[in-house]
Amino acid sequence: MTLDAFMIDAQSVHAETKAMLTLLHDLYPICRSITGDGVRATLARIGREIPLEVHEVPTGTQVFDWEIPEEWNIRDAYIADSSGRRLIDFRQHNLHVMGYSVAVNARMSIEDLRPHLHSDTQRPDAIPYRTSYWRRDWAFCLSDRQLQSIGPGPFDVMIDSTLSPGSLTYAECLIRGASSQEILISTHVCHPSLANDNCSGMAVAARLAALIAGANPRLTYRFLFAPGTIGAITWLARNEQRLDRIRAGLVIGLLGDSGPLTYKRSRRGDSEIDRIAADAIHTLDPQSARIVPFSPYGYDERQFCAPGINLPVGRLTRSANDEYPEYHSSGDNLGIVSGESMLQSLTALTKICCMIDGNERFLNLHPKGEPRLGKHGLFRDLGGRGPADLEQAVLWMLSQSDGSHGIADIAAASSLDADLLRQAATRLQRAGLIRNLD
Amino acid sequence: MTLDAFMIDAQSVHAETKAMLTLLHDLYPICRSITGDGVRATLARIGREIPLEVHEVPTGTQVFDWEIPEEWNIRDAYIADSSGRRLIDFRQHNLHVMGYSVAVNARMSIEDLRPHLHSDTQRPDAIPYRTSYWRRDWAFCLSDRQLQSIGPGPFDVMIDSTLSPGSLTYAECLIRGASSQEILISTHVCHPSLANDNCSGMAVAARLAALIAGANPRLTYRFLFAPGTIGAITWLARNEQRLDRIRAGLVIGLLGDSGPLTYKRSRRGDSEIDRIAADAIHTLDPQSARIVPFSPYGYDERQFCAPGINLPVGRLTRSANDEYPEYHSSGDNLGIVSGESMLQSLTALTKICCMIDGNERFLNLHPKGEPRLGKHGLFRDLGGRGPADLEQAVLWMLSQSDGSHGIADIAAASSLDADLLRQAATRLQRAGLIRNLD
Amino acid sequence: MTLDAFMIDAQSVHAETKAMLTLLHDLYPICRSITGDGVRATLARIGREIPLEVHEVPTGTQVFDWEIPEEWNIRDAYIADSSGRRLIDFRQHNLHVMGYSVAVNARMSIEDLRPHLHSDTQRPDAIPYRTSYWRRDWAFCLSDRQLQSIGPGPFDVMIDSTLSPGSLTYAECLIRGASSQEILISTHVCHPSLANDNCSGMAVAARLAALIAGANPRLTYRFLFAPGTIGAITWLARNEQRLDRIRAGLVIGLLGDSGPLTYKRSRRGDSEIDRIAADAIHTLDPQSARIVPFSPYGYDERQFCAPGINLPVGRLTRSANDEYPEYHSSGDNLGIVSGESMLQSLTALTKICCMIDGNERFLNLHPKGEPRLGKHGLFRDLGGRGPADLEQAVLWMLSQSDGSHGIADIAAASSLDADLLRQAATRLQRAGLIRNLD
């Protein structure tokens with residue numbers, strides 16, 4: 001493989017953008033939560049792009065300090081006036097119902113209903129996104145403007161939901177490479193109709209997986225589509241014995257808004273993925289790309305970088321958390337996500353994956369002085385002139401192949417092109433002068 | 001305890017300043033040396049502020065490469081003219097007699113007397129401070145102006161002193177905290193009437209000990225009042241087996257002049273006390289505070305940081321050594337020491353002690369992924385909004401509690417307030433999610 | 001010895017410069033290669049300056065991945081026109097014959113001759129330097145201008161050379177010091193009439209060895225005069241078991257042109273020689289001296305810093321490799337080498353050797369607190385005044401003598417003069433307070 005194996009070629013740019021936008025539009029309307037049929041429908045749609053292995057973990061399963069909750073499903077919900085007119089209607093926007101709301105069917109005065117209504121006075125036109133996974137409760141979310149004008153009631157209040165034993169659903173897409181070392185790429189699938197957070201992340205992840213699957217990678221790639229927090233914890237608990245094969249990872253999400261590419265370092269702060277991802281996005285967008293330190297708040301890097309796990313897993317987003325005004329509200333709709341942003345995000349990820357896939361490590365098998373390269377066909381016979389570029393690359397590969405430097409590291413140290421170093425490595429391998437360590 | 005437990009509250013500022021000035025005035029006239037009744041009188045006066053355990057170590061005791069010298073006491077001394085008029089009089093200023101001068105009683109010509117007279121031509125109006133601890137000798141110190149006008153003699157020369165087997169005296173004030181880890185704070189008690197060097201240091205040390213004793217500290221504090229060099233060496237030799245309980249320390253002194261707060265790093269250079277003390281004085285006086293590297297000349301940090309001891313002990317002074325014109329002369333009198341300077345010094349020390357006392361370390365007992373904080377009452381049930389400050393603090397405490405970071409370190413990494421982190425730690429401890437490591 | 005033991009004193013400057021220029025002129029005309037009588041004649045001339053042990057390693061000897069090649073000698077060579085006039089004449093310039101050309105004696109047309117003619121179109125007036133050590137071939141080198149005007153022939157082509165079993169020749173100059181730790185200084189002796197590359201390096205190396213031999217050094221110095229690449233590899237293969245006594249080293253060469261002093265770091269990058277050489281040349285020429293990172297192309301640092309050897313060996317040159325226009329051509333003649341440049345290079349090397357020879361390490365034998373220095377005659381008896389410079393030096397030596405700091409390191413940390421520290425060390429050694437670790 002070559003170092004641009006995963007890169008989107010010029011004629012595919014349009015098709016990739018279109019594929020991501022189509023996925024975004026298909027995923028946006030689905031009402032997802034941390035469990036339930038919304039997640040299954042989401043994974044089914046993603047499964048049309050890439051092969052997925054879907055896992056179901058039963059309610060009640062212990063995962064570290066947590067337990068798989070009951071499964072939540074919802075069919076309909078509304079607040080209607082006495083004439084039967086739906087004032088708040090789940091079919092209009094799935095954010096209208098607080099995630100994990102239990103069923104209710106009652107006539108209520110505004111006084112009784114009021115504690116079950118959430119609005120956001122800071123963003124009076126937006127429906128806020130609210131959940132109550134761990135305390136049985138029900139509520140409606142609505143814009144503050146709606147709330148101000150809702151009147152005294154009485155109201156017919158109905159939530160047709162079930163919260164009952166079932167399972168938590170997540171999926172993996174495994175792309176096997178020549179090496180069993182794994183790159184873990186994880187994105188969250190638990191948010192309902194929020195376009196940037198995280199239909200954009202799912203769309204980009206799916207296309208990234210498709211590109212890598214088509215390119216015969218050197219390393220093994222494991223894509224994880226799981227609900228936030230509980231999904232990552234579940235996956236860690238079920239894979240604890242196999243974490244040592246994870247060479248690096250990325251939590252990705254919120255990749256379609258107009259904010260700049262943002263890499264958040266792993267808790268380790270200086271691992272291979274930290275060096276490579278920072279380099280990649282800085283190269284791609286020197287003006288705007290941001291590198292931020294680790295902090296224990298955010299997305300599933302919280303779990304992968306917990307002190308007792310501490311994997312070399314960073315995070316790529318654009319705007320994150322509370323950084324854009326439409327965050328966690330109905331304002332996070334298809335209008336704030338662009339194909340250009342998703343394409344740049346996908347490009348950044350392909351670049352990072354190419355770099356880490358290509359950061360192969362070798363061992364110099366003749367480390368005492370230089371081997372006689374001419375004998376092995378690796379150096380010109382005519383002396384007196386300086387070495388050609390490939391000869392320089394051969395010398396650098398021999399000098400640095402002590403197990404602690406990969407191709408990307410040697411490229412950085414030597415200012416030589418990584419592809420040229422790879423050519424040199426291939427020829428040195430054929431000559432029996434170095435061997436692969438990965 | 002809270003992180004400002006030792007801090008001087010607003011209504012105590014005046015009283016503390018007054019207490020230090022009173023101590024300064026009481027200590028100034030006493031004729032101290034490295035042994036003798038002057039030291040005992042000094043410790044008796046300090047013992048009226050704080051409880052002291054006084055130690056007497058007999059002459060001849062071997063302490064590392066040193067031996068406790070004979071004890072020196074002096075009652076009177078003068079140089080008189082033939083009419084009996086005292087030209088140089090110990091009762092006028094105790095600096096007039098070189099420390100450890102042996103007894104003499106003789107009529108002498110100026111030729112015989114001259115080798116026994118010390119003046120300082122650079123500071124013609126000041127009596128210089130001189131000692132001869134390790135060679136039996138006697139001398140008078142006088143201003144160069146006096147020396148120029150002393151005349152041919154004959155002189156009646158008298159020193160009524162004794163140098164004979166006795167003991168070296170030092171005192172400790174031990175303030176026990178919940179933890180047996182100790183903070184060592186040491187100041188020198190061997191200089192006679194020099195106000196800044198070191199009546200100021202003794203006064204500040206005594207009040208610091210009083211404040212900490214009244215505040216129920218977490219760590220144990222050991223204040224050492226000992227003669228310079230030989231006192232520190234004696235203490236080290238007698239406590240060598242117990243040095244491992246010293247978590248950090250400070251040599252303090254010369255804390256009343258108008259120079260800026262000055263922290264000298266320990267020989268290690270980057271220990272906890274080095275980070276905290278630098279941070280504390282920089283915060284207190286960003287314009288002027290100085291941080292200087294370790295050097296093997298100075299005060300008793302020389303002993304605590306000797307290569308075979310190498311404790312994490314730094315030093316806090318204002319002007320040090322030769323940095324002020326009145327240094328080691330009669331010019332170092334009450335006029336160059338101010339209550340304001342001593343108060344700022346005391347404030348800096350309380351701040352440092354608060355920070356190190358509060359730099360508690362914990363161990364996350366559920367380090368694999370986050371524990372489910374809601375279950376433990378540490379996270380809101382309603383999802384969708386960002387974490388409150390205390391929730392952020394909980395996450396930071398969990399993320400960094402791997403044994404290598406204390407509260408002060410986590411505060412620096414997170415930009416969160418140390419008190420908030422402490423609250424989070426208390427709640428995490430109650431929930432059984434972290435445990436104290438100190 | 002003192003720290004300037006190897007330094008050129010003022011009255012020797014002229015003599016040293018003259019000695020180097022004389023050597024340069026004597027060495028320049030000799031036709032050297034990686035084997036043969038040219039190397040022997042070169043070593044014989046150097047052997048008139050310093051004692052050399054000459055080694056002969058037979059053709060066919062295996063040295064790591066290499067084999068000692070056949071020995072090459074040449075007596076005459078020319079291309080003549082049909083009238084017998086020599087158009088290209090080895091006796092005019094030994095660069096006219098490609099190194100290791102096999103014998104030829106034939107009448108040839110220009111078509112047959114053309115593949116055996118090398119010129120350099122970039123430098124049309126210069127004869128390029130070419131070799132073919134590892135493929136049996138013959139060729140002439142000539143200026144491109146000559147080549148353009150050479151005509152159609154026929155030509156009488158003659159090379160009177162032999163390539164046959166013999167040996168590779170290198171020499172060592174060993175200067176034994178009190179310590180068996182070695183400083184390795186290596187320069188290449190394989191280039192024919194190229195003045196800067198490397199008659200200048202051989203001349204400087206010879207005089208440096210002479211200066212050190214005359215100064216009774218503390219460490220042992222091993223000068224290696226060997227053909228490039230194969231010579232260094234041969235030496236390494238024959239000395240592999242003894243490499244652990246090499247404390248530091250320098251590859252030197254190209255020391256007479258007008259380029260700035262240039263230190264190339266060892267592969268380790270931060271070893272003792274790296275710190276000292278950078279410091280030395282920066283002090284000598286703060287404006288122009290260059291410090292460059294390690295790279296695996298260059299001179300014999302390639303071998304000494306191979307990953308399986310990895311000695312702390314840096315490189316000192318002025319312009320290196322392709323950095324000057326006359327590089328590897330007949331333009332590299334006596335006109336581009338100056339006595340001033342060689343003198344500055346020699347001065348830099350004496351300075352580096354003085355610093356490393358003087359970077360003695362000691363162990364404080366009384367590391368618990370300060371020893372009582374007065375008792376050992378190392379501190380004044382009269383107290384109250386600050387320490388004299390020597391007393392400061394004594395304190396620094398005691399404080400830093402823990403095995404990890406040498407005199408040069410302590411000088412850098414303390415800003416004290418290295419000679420003063422050495423005086424202090426001598427007195428501390430006599431007093432039994434420290435002992436030498438080297």
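A note on names: the letters A, B, ... follow the listed sequences, proteins ahead of strands, and every chain is numbered from 1.
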State whether the number of non-hydrogen atoms from other residues, nucleotides or ligands found under 6.0 Å of [X] atom [atom1] is greater than 12.
X: His282(A); atom1: NE2; result: no
X: Arg176(A); atom1: CZ; result: no
X: Gln122(C); atom1: CD; result: no

Heavy-atom cut-off 4.5 Å, strictly under: side chain, backbone, both or neither for [X] against chain A?
X: Glu67(C); result: neither
X: Phe304(C); result: neither
X: Ile233(C); result: side chain
X: Phe64(C); result: side chain

- Message: Testing Leu395(A), Leu398(A), Val394(A) one by one against Pro296(C) for a side-chain contact (heavy atoms from CB on, under 4.5 Å), which residue passes?
- Response: Leu395(A)
- Item | Smallest separation among heavy atoms of Trp396(A) and Phe294(C), with atom names | CH2-O, 3.7 Å
- Any idea which of His191(C), His328(C), Arg130(C) has the most non-hydrogen atom pairs under 4.5 angstrom with chain A? Arg130(C)
- Within residues 365-377 of chain A, residues adjacent to chain C where the heavy-atom gap is under 4.5 Å: His366(A), Pro367(A), Lys368(A), Gly369(A), Glu370(A), Pro371(A), Arg372(A), Lys375(A), His376(A)
- Message: Can you tell me which portion of Gln400(A) sits under 4.5 Å from chain C's heavy atoms? Options are side chain, backbone, both or neither.
- Response: both
- Query: Tell me the salt bridge (charged side-chain N to carboxylate O under 4.0 Å, His left out) pairs involving residues 280-296 of chain A, sequence neighbours left out?
  - Reply: Arg290(A)-Glu323(A)
